[in-house]
Protein chains: 2
Amino acid sequence: MPTPDRTSLAQIVAAGTEILEAEGPSGLTMRAVADRVGVRAPSLYKRVRDRDALLSLVATAAVDELGDRLAATDGTLAGIARAYRAFARERPEGFRLLLSTSPDADSLARASAFVLRAADDLVGSAEALEAARLVTAWATGFSTMELAGAFRLQGDLEKAFEFGLARLTRALSTPD
Amino acid sequence: MPTPDRTSLAQIVAAGTEILEAEGPSGLTMRAVADRVGVRAPSLYKRVRDRDALLSLVATAAVDELGDRLAATDGTLAGIARAYRAFARERPEGFRLLLSTSPDADSLARASAFVLRAADDLVGSAEALEAARLVTAWATGFSTMELAGAFRLQGDLEKAFEFGLARLTRALSTPD
DNA sequence: ACCTGAACACCGTTCAAGT
DNA sequence: ACCTGAACACCGTTCAAGT
């Protein structure tokens with residue numbers, strides 16, 4: 001005797017995303033997700049293998065959102081870097097999750113492609129990959145440390161970000 | 001009637017560090033730590049407020065070890081960056097923990113001072129802080145992404161690291 | 001075919017009772 | 001003064017039983 005579906009995978013991932021951002025990773029329990037979508041915890045296992053798989057899906061959703069934001073920039077390295085940092089500040093838990101969990105490879109590749117294209121425009125194809133990695137690593141580390149409160153020494157964080165961006169852009173646009 | 005101490009805070013932190021590196025953060029349970037030091041879990045609460053406090057102590061021990069490694073370099077930005085990455089590769093869980101937990105401020109300041117001094121030698125005191133943040137953010141992001149397996153595109157990671165280091169060093173040694 | 005209650009093996013943490 | 005067993009409120013997950 002079939003039963004009508006009372007939830008869906010998309011609804012579960014959306015609930016997971018909202019709970020993650022509101023309560024942090026430890027608040028993202030199977031029971032909390034189930035509560036939010038209106039079923040009991042065991043029912044989630046019909047759509048998701050286990051909690052780790054749910055975290056991966058939430059991480060993938062975060063990368064997809066990041067990709068959307070990068071797509072909406074002007075396509076320069078500076079625009080991309082600023083959008084990247086803005087995402088980290090507005091979605092701190094999603095940002096941290098995507099660094100600690102492996103999101104879907106295609107979603108990751110899509111977001112990476114924007115950085116790669118911007119790097120290619122600036123330095124040419126021979127060094128595009130290395131240049132993209134330089135900028136991505138810097139923006140990732142800057143955002144990670146900013147979220148962790150690791151910049152304890154005094155000084156203006158905006159200034160530090162723009163300083164880094166200016167120096168990186170100049171370093172990449174000067175050949176050799 | 002006093003009882004002889006059966007463990008110590010140092011022993012608990014050391015056990016936590018070993019378990020973290022061997023089993024990951026989810027394996028670092030109060031019962032696992034208690035087992036390793038030879039007491040029952042409730043006894044740990046005589047020396048540590050709760051599991052979060054223990055994680056902070058383990059994170060601080062990791063920063064201290066990082067500080068020791070930075071102290072053993074030649075003091076150039078390149079030497080420091082390579083030692084930083086080596087630490088992340090050899091102590092991946094400790095490295096991740098120190099980014100997600102706030103370690104002791106003094107320990108963090110000590111490790112930061114080596115980077116700040118190297119930056120000062122290269123760019124002078126006016127821009128030393130920004131330059132140190134640029135290099136630290138890059139090394140942090142590079143290591144984070146390397147550990148996360150986020151560099152999925154083909155290409156040599158050693159080459160990407162040395163490319164980044166060379167460009168950063170050049171960008172910082174050229175004034176303006 | 002999906003949903004549920006009950007159950008299991010784990011957690012972190014508290015606390016009264018021992019020595 | 002430290003250590004312990006017992007207990008509590010939580011977890012993730014499984015599974016037989018319902019519809």
Side-chain angles (χ1 to χ4, degrees), chain A residues 1-62 93-94 96-97 100-103, chain B residues 1-62 93-94 96-97 100-103:
Chain A
M1 226 40 86
T3 308
D5 291 13
R6 241 161 272 190
T7 185
S8 67
L9 183 58
Q11 211 181 139
I12 289 168
V13 174
T17 299
E18 289 160 11
I19 294 170
L20 175 71
E21 220 56 63
E23 315 286 345
S26 72
L28 180 38
T29 67
M30 298 302 272
R31 282 168 173 93
V33 172
D35 265 11
R36 187 175 271 252
V37 302
V39 298
R40 298 297 188 162
S43 299
L44 299 178
Y45 293 83
K46 285 284 155 185
R47 319 235 194 282
V48 148
R49 198 181 61 256
D50 54 20
R51 183 173 178 269
D52 257 17
L54 175 54
L55 287 176
S56 285
L57 291 169
V58 172
T60 297
E93 298 295 348
R96 274 190 276 252
L97 183 67
S100 61
T101 313
S102 27
Chain B
M1 223 42 82
T3 306
D5 290 14
R6 239 161 273 191
T7 185
S8 67
L9 183 58
Q11 210 181 142
I12 289 168
V13 174
T17 299
E18 289 160 11
I19 294 169
L20 174 71
E21 219 55 62
E23 314 286 345
S26 72
L28 180 38
T29 68
M30 298 302 272
R31 282 168 173 94
V33 172
D35 264 12
R36 186 175 272 253
V37 302
V39 298
R40 298 296 189 165
S43 299
L44 299 178
Y45 293 83
K46 285 284 154 183
R47 325 227 188 251
V48 149
R49 198 181 61 254
D50 55 20
R51 182 173 179 269
D52 258 17
L54 175 53
L55 286 177
S56 285
L57 291 170
V58 172
T60 297
E93 298 295 349
R96 275 190 277 251
L97 182 67
S100 62
T101 312
S102 28

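Just so it is clear: chains get the letters A, B, ... in the order the sequence lines come, proteins before strands, and each one is counted from 1.
Counting to the nearest Å, the C1' atom of D:dG12 and the CG atom of A:Leu44 are 11 Å from each other. B:Met30 places its CE atom 8 Å from the C1' atom of C:dT13, with the value rounded to the nearest Å. Rounded to an integer number of Å, the gap from CZ of A:Arg31 to C1' of C:dC10 is 12 Å. One atom, NZ of B:Lys46, and another, C1' of C:dT13, lie 13 Å apart when rounded to the nearest Å. Rounded to whole Å, atom C1' of C:dC11 lies 14 Å from atom CG of B:Asp35. Summarising the geometry, the separation between CZ on B:Arg40 and C1' on C:dC15 is reported as 17 Å, rounded to the nearest angstrom. For B:Arg51 and C:dC11, the CZ to P distance is 10 Å, given to the nearest whole Å. What separates CG of B:Leu54 from P of C:dG12 is a distance of 10 Å, to the nearest Å.
Nucleotide D:dA9 has no partner under the Watson-Crick or G-U criteria, as no pair reaches both atom distances under 3.5 Å. Across all strands shown, C:dT19 forms a Watson-Crick or G-U wobble pair, both distances under 3.5 Å, with D:dA1.
Heavy atoms of A:Arg49 sit nowhere under 4.0 angstrom from any nucleic acid atom. Residue contacts for A:Thr29: at a heavy-atom cut-off of 4.0 Å it reaches the sugar-phosphate backbone alone, with no base atom in range. Counting non-hydrogen atoms under 4.0 angstrom, A:Ser26 reaches nothing in the nucleic acid.
Separation of atoms CG (A:Leu55) and OG (A:Ser102) is listed at 10.5 Å; rounding is to 0.5 Å. Here the OG1 atom belonging to B:Thr29 is positioned 8.0 Å from the CG atom belonging to B:Asp35, to the nearest 0.5 angstrom. Expressed to the nearest 0.5 Å, how far CG of B:Leu28 lies from CE of B:Met30 amounts to 8.5 Å.
For the OP1/OP2 pair of C:dT4 and a distance below 4.0 Å, the side-chain nitrogens and oxygens of A:Ser43 include at least one atom meeting the criterion.
Of the candidate nucleotides D:dC3, D:dT13, C:dG5, D:dT13 has the atom nearest to the side chain of A:Asp50. Closest to the side chain of A:Arg47, out of D:dG12, D:dC2, C:dC3, is C:dC3.
Here B:Asp5 pairs with B:Arg47 in a salt bridge; the nearest charged N to carboxylate O distance falls below 4.0 Å.
Nearest heavy-atom pair, B:Leu20 versus B:Glu93, reported as atom, atom and distance to 0.1 Å: O-CG, 3.4 Å.
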